[in-house]
Undergrad: 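A single structure is presented below for examination.
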Amino acid sequence: MEQRDVLVVLFDGVQSLDVSGPVEVFSGACRGAPGAYRIRTAGLTRAPVRTTSGLTLVPDLALDAAEPPHTLLLPGGEATDLPDPRLVDWLRTHAPRAQRKVSVCSGAFLLAAAGLLDGRRATTHWSLCADLAARHPAVRVDPEPIYVRDGDVATSAGVTAGIDLALALVEEDLGRDLALSIARHLVVFLRRPGNQTQFSAQLAAQTAERRPLRDVQQWITEHPAADLCVEALADRAGLSPRHFARAFRDETGMTPGRYVDRVRLEAARRRLEDTADGVEQISRQCGYGTTEAMRRAFVRVLDTSPAEYRRRFRPARLP
């Protein structure tokens with residue numbers, strides 16, 4: 001079996017979970033397929049580094065002593081806001097020799113600073129996407145997916161998305177059965193597709209300033225199967241449909257229709273993950289009316305059908 005070197009870059013101010021999450025996945029693969037990966041950590045020196053949570057990590061070696069790895073993994077952390085120029089220089093010179101370049105969360109800023117994301121599609125944590133796009137206009141930043149693969153470069157959103165991406169890499173290298181075994185051991189789903197949205201409707205939209213509009217947002221979330229047309233929602237808010245639609249868009253950043261679509265899709269996803277209800281029943285519960293309407297919504301946004309989504313995400317403990 002081919003052994004793949006995984007080199008994880010450490011630096012002061014690194015996010016510890018961005019390191020440990022993917023490392024647990026790759027080390028789990030080694031339990032099922034001994035020798036599949038050789039996992040090492042490296043810093044600018046071998047001196048211990050302090051994570052954002054205060055933990056201390058000791059690199060296995062210095063970056064200058066590292067051979068080109070198969071997979072180079074760049075975690076995120078506060079220090080990526082103003083990355084060490086020495087680290088950026090090392091990445092610019094040595095990272096292209098790695099067969100795969102992978103970032104977790106704000107680690108994408110390190111890749112971008114070294115020019116490794118120019119002309120590529122990439123993502124990072126949703127709260128940082130606008131900043132990444134502004135600082136590095138040559139990067140095609142997509143704030144929606146939990147991870148993005150573009151050639152030999154892969155970028156991911158927050159901590160759990162790094163685990164998702166690592167599972168996807170293990171599945172690519174060693175097959176689905178082993179990746180599924182690791183996911184079950186870590187009590188996570190195998191596996192969220194990269195194009196799954198990384199935030200909920202409530203996070204994607206702003207919270208309205210006015211109480212009537214906030215109440216409507218909450219009503220939509222609690223009653224996805226109700227009549228959620230603009231006229232009905234406007235009546236609940238005590239506003240004219242035209243005034244309501246304009247105020248809702250101004251205060252939340254999206255139209256009422258788009259917000260309803262997001263809430264219904266999120267509700268359907270949760271039911272597919274957490275219940276054994278049939279697809280037809282879920283489509284009614286979430287306001288789609290028909291299974292075909294729900295299927296079209298899933299394909300349009302997630303590029304997968306409800307049945308395939310359930311196959312990937314529902315825990316094995318559910319019937």
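The chain is numbered in sequence order, starting from 1.
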Undergrad: Any idea which heavy atoms bring Ser103 and Ser156 closest together, and the distance?
TA: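 Closest approach of Ser103 to Ser156, heavy atoms only: O-OG, 2.9 Å.
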Undergrad: For the residue pair Ala95 and Leu72, what are the closest heavy atoms and their distance?
TA: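 Minimum heavy-atom contact is CB-CD2, 3.7 Å.
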Undergrad: So, do Val301 and Asp261 sit near enough that their side-chain heavy atoms are less than 4.5 Å apart?
TA: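 Result no, sub-4.5 Å side-chain heavy-atom pair not found.
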Undergrad: Are Phe26 and Val170 close enough that some pair of their side-chain heavy atoms sits under 4.5 Å apart?
TA: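 Yes; the side chains approach each other to less than 4.5 Å.
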Undergrad: To the nearest 0.5 angstrom, please state how far the CD1 atom of Ile182 sits from the CD atom of Glu24.
TA: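 Here the rounded value is 10.5 Å.
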Undergrad: Backbone N or O of Trp90 within a donor-acceptor pair of the Thr93 side chain at under 3.5 Å?
TA: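 Such a contact is absent between Thr93 side chain and Trp90 backbone.
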Undergrad: Strictly distance-based, threshold 3.5 Å: is any side-chain N or O of Asp5 a donor or acceptor partner for the main-chain N or O of Leu7?
TA: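 Judged by distance alone, no pair lies under 3.5 Å.
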Undergrad: Any chance you could measure Leu128, atom CG, to Ser106, atom OG, to the nearest 0.5 Å?
TA: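 These two atoms lie 6.0 Å from each other.
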Undergrad: As a quick check of understanding, evaluate side-chain contact (heavy atoms from CB on, under 4.5 Å) for Arg4 and Leu169, giving each step before the final call.
TA: CA-CA 11 Å; Arg4 297 172 173 86; Leu169 297 177; over 6 Å; no
Undergrad: Let me see the working for Phe109 and Leu74 under side-chain contact (heavy atoms from CB on, under 4.5 Å), right down to the final yes or no.
TA: CA-CA 10 Å; Phe109 283 81; Leu74 295 162; over 6 Å; no
Undergrad: Could you tell me if the side chain of Thr252 sits less than 4.5 Å from the side chain of Leu213, heavy atoms only?
TA: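 Sidechains of Thr252 and Leu213: no contact.
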Undergrad: Considering only heavy atoms from C-beta outward, does the side chain of Tyr37 approach that of Leu174 to under 4.5 Å?
TA: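 Side chain of Tyr37 against side chain of Leu174, heavy atoms only: contact under 4.5 Å found.
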Undergrad: Looking only at heavy atoms, what is the nearest atom pair of Pro75 and Asp18, with distance?
TA: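 That would be CB-CB, 3.5 Å.
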Undergrad: Any Lys/Arg nitrogen of Arg86 or Asp89 sitting under 4.0 Å from an Asp/Glu carboxylate oxygen of the other?
TA: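 The answer is no: the pair does not qualify as a salt bridge.
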Undergrad: Can you check side-chain contact (heavy atoms from CB on, under 4.5 Å) on Asp173 and Arg100, steps first, answer last?
TA: CA-CA 12 Å; Asp173 295 341; Arg100 288 193 303 220; 2.8 Å; yes
Undergrad: Strictly below 4.0 Å, N to O, side chains only: are Arg38 and Asp60 in salt-bridge contact?
TA: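 Looking at Arg38 and Asp60, the cut-off is not met.
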Undergrad: Please name the pair of heavy atoms, one in Pro59 and one in Pro48, separated by the smallest distance, quoted to 0.1 Å.
TA: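 That closest heavy-atom pairing would be CD-CA, 4.1 Å.
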Undergrad: Is there a side-chain hydrogen bond (donor to acceptor under 3.5 Å, both in side chains) between Tyr288 and Arg264 once you walk through the steps?
TA: CA-CA 8 Å; Tyr288 288 106; Arg264 283 177 167 160; over 6 Å; no
Undergrad: Under a 4.5 Å cut-off applied to non-hydrogen side-chain atoms, are Ile282 and Arg310 in contact?
TA: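 Ile282 vs Arg310: side chains touch.
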Undergrad: Once you round to the nearest 0.5 Å, how far does CD of Glu171 lie from CG of Asp177?
TA: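 Output value for this atom pair is 9.5 Å.
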Undergrad: Spell out, as yes or no, whether a donor-acceptor pair under 3.5 Å connects the side chain of Arg249 to the backbone of Gly253.
TA: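 Checking the backbone N and O of Gly253 against the side chain of Arg249, no donor-acceptor pair under 3.5 Å is found.
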Undergrad: Distance from Leu91 atom CG to His94 atom NE2, nearest 0.5 Å?
TA: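 Reported value, rounded in 0.5 Å steps: 9.5 Å.
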Undergrad: Indicate yes or no: does Arg121 engage Asp142 in a salt bridge with an N to O separation below 4.0 Å.
TA: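 The answer is yes: the pair qualifies as a salt bridge.
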Undergrad: Does anything in residues 128-139 pair up under salt bridge (charged side-chain N to carboxylate O under 4.0 Å, His left out), and if so which pairs, sequence neighbours excluded?
TA: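 Every pair satisfying salt bridge (charged side-chain N to carboxylate O under 4.0 Å, His left out) with a residue in residues 128-139: Asp81-Arg135, Asp131-Arg135.
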Undergrad: Rounded to the nearest 0.5 Å, how far does OG of Ser305 lie from CZ of Arg311?
TA: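 Result: 9.5 Å between the selected atoms.
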Undergrad: Which is it for Gln217 and Glu251 under the side-chain contact (heavy atoms from CB on, under 4.5 Å) test, yes or no, and what are the steps along the way?
TA: CA-CA 11 Å; Gln217 286 182 285; Glu251 295 195 21; over 6 Å; no
Undergrad: For Phe298, run the side chain to side chain contact (heavy atoms under 4.5 Å, CB included) check against Asp303, Val279, Leu272 and tell me which one passes.
TA: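 Between Phe298 and the candidates, side chain to side chain contact (heavy atoms under 4.5 Å, CB included) is satisfied uniquely by Leu272.
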Undergrad: Please check if the number of heavy atoms outside Glu280 that lie under 6.0 Å from its CD is greater than 12.
TA: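 Atom CD in Glu280 is not packed in, count stays at 12 or less.
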Undergrad: Using the rule that Ile, Leu, Val, Met, Phe, Trp and Tyr join whenever any side-chain heavy atoms are under 4.5 Å apart, tell me whether Val88 and Leu111 fall into a single cluster.
TA: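 Hydrophobic grouping puts Val88 apart from Leu111.
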Undergrad: Please determine whether a side-chain nitrogen of the Lys or Arg among Arg120 and Asp152 lies less than 4.0 Å from a carboxylate oxygen of the Asp or Glu.
TA: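 Counted as a salt bridge, because a side-chain N and a carboxylate O are separated by less than 4.0 Å.
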Undergrad: Is the shortest side-chain heavy-atom distance between Phe244 and Asp235 below 4.5 Å?
TA: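 SC-SC contact between Phe244 and Asp235 ruled out.
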Undergrad: Is Leu117 close to His136 at the side-chain level, that is, under 4.5 Å between some pair of heavy atoms?
TA: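 Side-chain contact under 4.5 Å: no.
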Undergrad: I'd like to know if the side chain of Thr51 reaches the main chain of Leu55, judged simply by a donor and an acceptor atom lying under 3.5 Å from each other, with no hydrogens or angles considered.
TA: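 Yes; judged by distance alone, with no hydrogens or angles, the pair exists.
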Undergrad: Which residue, Val9, Val8, Val58, Leu57, forms the side chain to side chain contact (heavy atoms under 4.5 Å, CB included) with Thr41?
TA: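 Of all the options given, the one that passes is Val8.
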Undergrad: Salt bridge or not for Glu292 and Arg295, using N-O below 4.0 Å?
TA: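 Salt bridge: yes.
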Undergrad: Counting only heavy atoms not in Glu67, do more than 12 sit closer than 6.0 Å to its CD atom?
TA: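 No, the 6.0 Å shell around CD holds no more than 12 heavy atoms from other groups.
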Undergrad: Should Val23 and Leu73 count as side-chain neighbours, where that means a heavy-atom distance under 4.5 Å?
TA: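 In short, these two side chains do not touch, never coming nearer than 4.5 Å.
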Undergrad: Drop me the distance from Ile146's CD1 to Thr155's OG1, to the nearest 0.5 angstrom.
TA: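 Ile146 CD1 to Thr155 OG1: 11.5 Å, rounded to 0.5 Å.
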Undergrad: Which heavy atom in Met254 sits nearest to a heavy atom in Phe248, and how many Å separate them?
TA: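 Between these two residues, the closest heavy atoms are O-CD2, 3.4 Å.
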Undergrad: What heavy-atom pair brings Gly158 and Val104 nearest, and what distance separates the two atoms?
TA: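 Heavy-atom minimum between the residues: O-CG1, 4.2 Å.
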